[in-house]
Each structure stands twice: as C-alpha cells, then as structure tokens.
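Every chain is numbered from 1, with letters handed out A, B, ... down the list of sequences. Reckoned from all heavy atoms, side chains included, excluding hydrogens, waters and symmetry mates.
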Amino acid sequence: MIEWSQTQIKAFRKTLLDWYDAHGRDLPWRRDHDPYHVWISEIMLQQTQVQTVIPYYERFMATFPTVEALAEADEAVLMKAWEGLGYYSRARNLQRAAKQLVEDYHGVWPQTVDGLKALSGIGPYTAGAIASIAFDQPVPAVDGNAFRVFARLLKIDADIAQPKTRQLFEQVISRIIDPQRPGDFNQAIMDLGSSYMTAKQPDSANSPVKAFNQAYLDGVEERYPVKAKKPRPVKQYFYGLVIQHDQQFLMQQRPSNGLLANFWTFPLVAQEEALKLSETPELVTPEEQLQLVEQLVQQSYGLTVHVVPMGGRPVTHTFTHRQWHVTLLNATLDKDADLSYFPGKWLSRDELAQIALPKLQEKLFNRIDSITKA
DNA sequence: CATGCGTGGCC
DNA sequence: TGGCCAAGCAT
C-alpha cells in the first residue's frame, strides 16, 4: 500500500470532482439532496445495479412520496412495490425505519453516522452515504466501488472480504475525502467504480484518475482488489405440488424468517425430507420417491394427496448461496380435505397477481403454462 | 465474526 | 454454463 502526500490528495480531489462535475451521471435520486430520496435510493442500490433500480425508484416515489406515507403503507402493497428487487428484508427494514422516524424522531432525521445507523436497515455504508450526501458530513461511504477504487489507487493488499478491512478503508478515505464536497466526492468514487474502474475489464487507460492509479501504473491492476472467493451455491432438490381446485391453487406461506420469508409458493417438499422416511434412502426409485412425498404430506399436514409428475426438466433457481431444483408434481387432493394443519390457503390467479411473489414462483407458473399450452 | 439473504447481467 | 459481480445489513 502506498500513501499520498497532502499535495497529491488535493490534486486527486480536484481531478475527481472536475470529472464528476462534467461527467457525473444524471440519476433520478440526484435531483436534490432530500434525505428521504437519498435513503430510498441507497437501500435499493444495495447489491443491485443502477439500471435495475431506476424504474423501481420512480414507482416507489410515486406510491410512497414521503416518510409518513411509507410508515403508514400496507405491508402487502409495500412488498408488491419491492417485488423482483430481492433481499426483501430491505423493504421490511425500510418500513420499520420509517416508523422509527415518524414515531421516535417526530420526522426529524438524525444527521450523524451513528444516529443514522440506529435506524433499521442502515449500516456503515448507507449511514455514510446519507450523512455525506444529504447532510454534508465529511464521512466516507465505503461500498464495493470504494473498496475496488481505493484498493487499486493505493495498492491496498487487505482482503476486502474480511469485515475488519472496512476500518482500514474508512481511515484511508477519511483523509482523502474532500471536506468541502463530501457527498459529491463519495458519489464520484461510485461513478468511477462503475465506469472506468469496473470489476471486470476496467478501462484505466482512459480514466480521469489514471495518473493516481498505482496498480495500473505498475501494471498489476488485475491483482486488486484482493478478495477471498465465496463457496459456490449448494444444490437442493424439491418437489413442487401443483394442487388446483375451482380455478384456485393451494399455496403455502413460507416461514416468517429465512429464505423468501412470508412469501407464497406452491407447497414445496424437500427431496431430502422425503428420503428420510425410507430406511434405505440410497435404494429408493423415482416412483417410490413420489410415494414418500405423499407420505410426508400426510404426516406433516394431515392431507391425503396423489401425485403425478408433470414432466419436463426441473425448474432451477439460484439464490446467493443455494441452487434449487424444483420438480413439479400434479397433485390431487380430497376436496373435503382439512386444511387446519396446512400453513396456506386457496388462491386464485387474480388474487396471486395482487400480492408479491418471488421469481421462483413466477418460473413455476411459467412452466405450468408452457406445459398446459403444449 | 461467519453466515444468510434475491435477482439480473455478463462472458 | 457456471461463476462472479452489483451503491450491504442483521444476527
């Protein structure tokens, strides 16, 4: 890692901000510095690309124009507005924080990093972003861009996958950030990280700060940032039960915590759970597995079903850490069946269209439609 | 501190 | 295709 002199720091600030003034992106949330606008955009932008966020942001602001509107929103309406963005706890934390702001803060925003971090869903990065952009606090906002940009500029060898590395970057950037224009400085770094100093195929030769990019100047840019690799998603196999009656589907509501919390999907049976019912799981044939699925549904929910494969390849969906393979089964259920022990209910397509559904469920419906049509 | 948590895009 | 990345946070 190298260190800059005070002269170099001042030259870097001017070069960066001159470039930002001339070439910074015109984004919907940059029309003003309203903390509500900054906040919503920053939460949406977590682990999500700008191009994806723009239409969501526009619709969100039209639906929930103020903190008060968000605080009072129907949760189902809120989730529908977030549908497809992923990481749905972001939306739930958003409303939790809106209620905190209205009820505990009487609508007055905390303006410091520590004050902002007390709000649900606001961590060190988002607190720094709001504090600097909305309240002109000279604090860093260290996201993936800042990690990547400064790792290359200064040849910082610390592993950015390690949580403690954040402290190092915050200290380094705190000395470099322009105290006169901290919000613009932080946003300029992000624009730089998403244009010239990208993760893959950077274009540092044409970057406005190439003279400050020590990794590039030394011809070792591809070594930075240093980042430990993550384990690949674990494959998991499920049966998805398609149970229809009177133009309705029997849908299951997922638990209130964990993956796709509270979302509605077809009843899903983990293949592993079904195999546990056999004393010799390694010898179970595909036909016998279907019987085990029927047994498991009977044991778990007191429902008698008969299942038949719908055909086609399993529907696959990859999450950050899991890869699901869902085999659809056409299931028939006694229409007088007692659903008291089943965590779900009958829903029509119209009703399903009104609520937020995860992408996985959308894929499952698409598969059914393609089979039905064929 | 390590792990869990969605989705889309790119090569 | 699989692997990696994209304006992270809660627990």
If only side-chain N and O atoms of [X] are considered, is one of them under 4.0 Å from the OP1 or OP2 phosphate oxygen of [N]?
X	N	value
A:H321	B:dC5	yes
A:Y88	B:dT7	yes
A:R148	C:dA6	yes
A:K200	C:dC4	no
A:R322	B:dC5	yes

At under 4.0 Å between heavy atoms, what does [X] touch on the DNA or RNA strands: base, sugar-phosphate, or nothing?
X	value
A:W82	nothing
A:P233	nothing
A:G193	nothing
A:R25	base
A:L27	base
A:I43	nothing
A:S41	nothing
A:V53	nothing
A:R30	base
A:K164	sugar-phosphate
A:N186	nothing
A:T198	nothing
A:A129	nothing

A:F365 ring center within less than 6.0 Å of A:F266 ring center: yes

Test of ring centre spacing under 6.0 Å for A:F212 and A:W4: yes

B:dG6 base / A:T48 side chain donor-acceptor hit below 3.5 Å: yes

Side-chain donor/acceptor contact of A:T320 with base of B:dG6 under 3.5 Å: yes

Main-chain N/O of A:Q162 paired with A:R166 side-chain donor or acceptor, under 3.5 Å: no

Donor-acceptor contact present, side-chain A:R30 to main-chain A:R25, <3.5 Å: yes

Residue that, paired with A:Y87, satisfies side chain to side chain donor-acceptor pair (under 3.5 Å) out of A:N93, A:T320, A:T48: A:T320

Pi-cation contact, A:Y57 with A:R59 (under 6.0 Å, within 45°): no

A:Q51 CD to B:dG9 C1', straight-line distance once rounded to whole Å: 9 Å

